[in-house]
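Ligands are counted one by one from 1 in listed order, and the atoms in each one are counted from 1 as well.
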Amino acid sequence: MKIVVTRPIPEVGIEMLKQAGHEVLVLPHDRPCTRTELLAATEAAQGVLTMLTDKIDGEFLQQRPGVKAIANYAVGYNNIDIAACQARGVCVSNTPDVLTDATAEVAWTLLMMAARRAGEGERMVRARQWSGWGPMQFQGMCVLGQTIGIIGAGRIGTRVAQMGKGFGMRVIYVHQRESEAMVQLDARRVELPELLKDADFVSIHVPLTANTRHLVGTKELQTMKKTAVLINTARGPVVDEAALVEALKSKIIFAAGLDVYEEEPKIHPGLFALENVVMLPHIGSATVHARNEMSQLAADNLLAMLRGERGKTQIV
Ligand code: DGY
């Protein structure tokens, strides 16, 4: 069968696809492929290993009826119209679990950096503007013993909470149901307004859906403490970026740490002017280990789905 990998990924997965005897086409550019490139490449293909930047919608499926299986190289799959896939009997998988620790680490990197104004300090040092230690310099927020609010107690949210326990933090969370793993951490499930009001750190871990788009906007930011820090490693559109710019500018909250943006790779111009935001380039899962595992898992799923079997982490 013909399989298309829409962008170079760690070799291990590509080798697995080739070893299984398939014809494998890896698009060579290290950038998201265009719709035209995707359509051209997937001519006569049965399987596609997609990136989170590839939009797989009804129109694509209609134009490529031969495609039977899509393995997304990400845990998030808001780039794929699941209902359209289901309606056409196209199987879809994602890569959960293998990137949980890596993404939780980035949430914590952002949390620490934003709380302790590390980005701002580093910029000053690099600009050769630092004149030496000062008693009033760079006073940030302490982390140990504070309250962390987790929005979305799935795998990554739970891991971030577990790491918070290591810092002696009190954990509160918002989730559709009580989470056993959170109960083990003595975490309390609350409604969103209560979490926003009580948390010193708010970390977002929900998938992007119609219900979570702009879950955090002006009203929510105004509910947060003036000393609070907002962290987003999930999907950009969960936060209203324009509202966040205003909140950071007028010190409605203390700081934010972002790994994801509303219209990647575009970033709201207002964010660049602000010192109280730490911005990373969507690197949540970017460790050698996690990316290798993602490559392997995506390939494993794709091979299983093309054999007509259930993939390990198949969604539909
Ligand atoms: C994911 O997997 O959804 C991350 O955002 C990218 O690795």
Salt-bridge contact Asp57-Arg35 (side-chain N to carboxylate O under 4.0 Å):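 Looking at Arg35 together with Asp57, the answer is yes, because their closest N to O distance falls below 4.0 Å.
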
Residues Arg123, Glu275: salt bridge by 4.0 Å N-O rule: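 Answer for the salt bridge query: yes.
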
What protein heavy atom is closest to [atom], reported as residue, atom name and distance in Å?
atom	result
atom 3 (O) of ligand 1	Arg235 NH2, 2.7 Å
atom 2 (O) of ligand 1	Val75 N, 2.7 Å
atom 4 (C) of ligand 1	His282 NE2, 3.7 Å
atom 6 (C) of ligand 1	Leu52 CD2, 3.5 Å
atom 7 (O) of ligand 1	Ser285 OG, 2.6 Å

Can you confirm whether the side chains of [X] and [Y] place a donor and an acceptor under 3.5 Å from each other?
X	Y	value
Thr147	Asp198	no
Glu220	His214	no
Asn301	Thr313	yes

Enclosure of Gln139 CD (heavy-atom neighbours >12, cutoff 6.0 Å):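 Correct, the count exceeds 12.
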
Close-contact set for ligand 1 against Ala74 heavy atoms, below 4.0 Å: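 It comes down to these atoms of ligand 1: 1 (C), 2 (O), 3 (O).
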
Where ligand 1 meets Leu99 - atom numbers and elements under 4.0 angstrom, heavy-atom basis: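 This gives 2 (O) as the contact atoms.
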
